[in-house]
Amino acid sequence: MTIAYASTPITDRIMRLSDGSDVCTYLVVGDKRALLVDTGYGFRGLRSYVESLLQGKPYDVVITHGHVDHAAGAAEFDTAYMHPADLELNVRHTTIEFRRAMLSTTSAELIADISDDAFVPTRSDFLPLEDRQTFNLGDLTVCLFHVPGHTQGMMVPVVLEERVALFGDACGVGTLIVFEEASTVTEYRESLLAFKQHEGLWDRVLRQHGTCESPKSILSTNIELCSLIMACEDDAFPAEFAGMKTLMAKAVDPVSRARIDGGEGNIMYIEEKIR
Ligand SMILES: [Zn+2]
C-alpha cells in the first residue's frame, strides 16, 4: 500500500492533511508564509505534498508535542520547531520499531507491506518553542501556548485572525494522562486553568484524531473532569491503552469510545497519576 496524501479545507486559510493513518496534520496558509502543524508518523512524501500545495510559498514546521504520531515526520524538513521539554520523548517515540508498533494497533493495513525505507529517520535538532511564541504569516498570526499535561512540551497553536485553536492531544475526548511524560491530573488541571484565561481568542476547536473537532466547551469539561478525578467522584471506568490497565473519567461505549452520557470530553488516567 502506498501513502496517499489528501487535504480538506477547514477555513479559507486552514487545511487538514491526511495520510490514511489515525492522525491528521494542519497547514495554515497566510498571504506571505505558511505553517505546517505536526508531521504524523513520518512517512516519506509529506514534504513534497505540502510544497505542491504551497507552490513556492515559504513555510515553517511546528510540532505540537514529541509523541510518535505528531513528531516522527519532522526529519523530512530543513528545520522544525518543538518545545525542548519533549526532545528526549521524541527520540524514544520516533524509532522505526516504535512507529510500526503504534501503527499496527491503529492503522495495520497501512503498513502491512511498506518497508522501513518508507519512513523518514528520527530528527533530534529541533529549533526551540516557548510559551506564546508567535509566527507571522502576513495576514495571519499563529500564537502557540504551552499547555503541559499530556506531555511536558505540549503546545497549542491558536490562529488568531481565524479564531481557531488546534488543541491536538492537549485536551480532547480521551486525553491520555498515563505515561511517564504526562503530568499528574492535579498539575494538568492547573495547566488547563491557565490556558482557559486565553479562551477569548478562539471560537472553534480542532483536534488531530477521531472527529478532529470538538465544541469549545471541551476545555471547561476537561477541567471539571480533573476536579472529579481528584475528588474520586468520577466514573473511574476501567479501560486499556497499549496493554496498560487505565481508567476513564467518564464511562464510554467499549466499541465507539463515546461517552455513555452523551457528553464530549474525557480523560484517561491511572491512579498513580492523580496527585
Ligand atoms: Zn500525544
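Counting convention: from 1, in listed order, for ligands and their atoms alike. Scope of the values below: all heavy atoms of this structure, side chains included, with no hydrogens, waters or symmetry mates.
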Problem set entry | Ring center gap for Tyr81 and Phe126 short of 6.0 angstrom | no
Exercise. Is the distance from the Zn ion (ligand 1) to some N, O or S atom of His70 under 2.8 Å?
Worked result: no
For this session: Provide the full list of salt bridge (charged side-chain N to carboxylate O under 4.0 Å, His left out) pairs with a residue in residues 33-42, sequence neighbours left out, each pair given once.
Result: Arg33-Asp60
For this session: Considering just N/O/S atoms, say which atom of Asp169 is closest to the Zn ion (ligand 1).
Result: OD2
Exercise. Does a salt bridge link Asp116 with Arg99, judged by any charged N lying under 4.0 Å from a carboxylate O?
Worked result: no
Exercise. Which atom, counting only N, O or S, brings His67 closest to the Zn ion (ligand 1)?
Worked result: ND1
Problem set entry | Name of whichever N/O/S atom of His65 is nearest to the Zn ion (ligand 1) | NE2
Problem set entry | Leu35 and its side chain to side chain contact (heavy atoms under 4.5 Å, CB included) partner, picked from Phe135, Tyr26, Tyr59 | Phe135
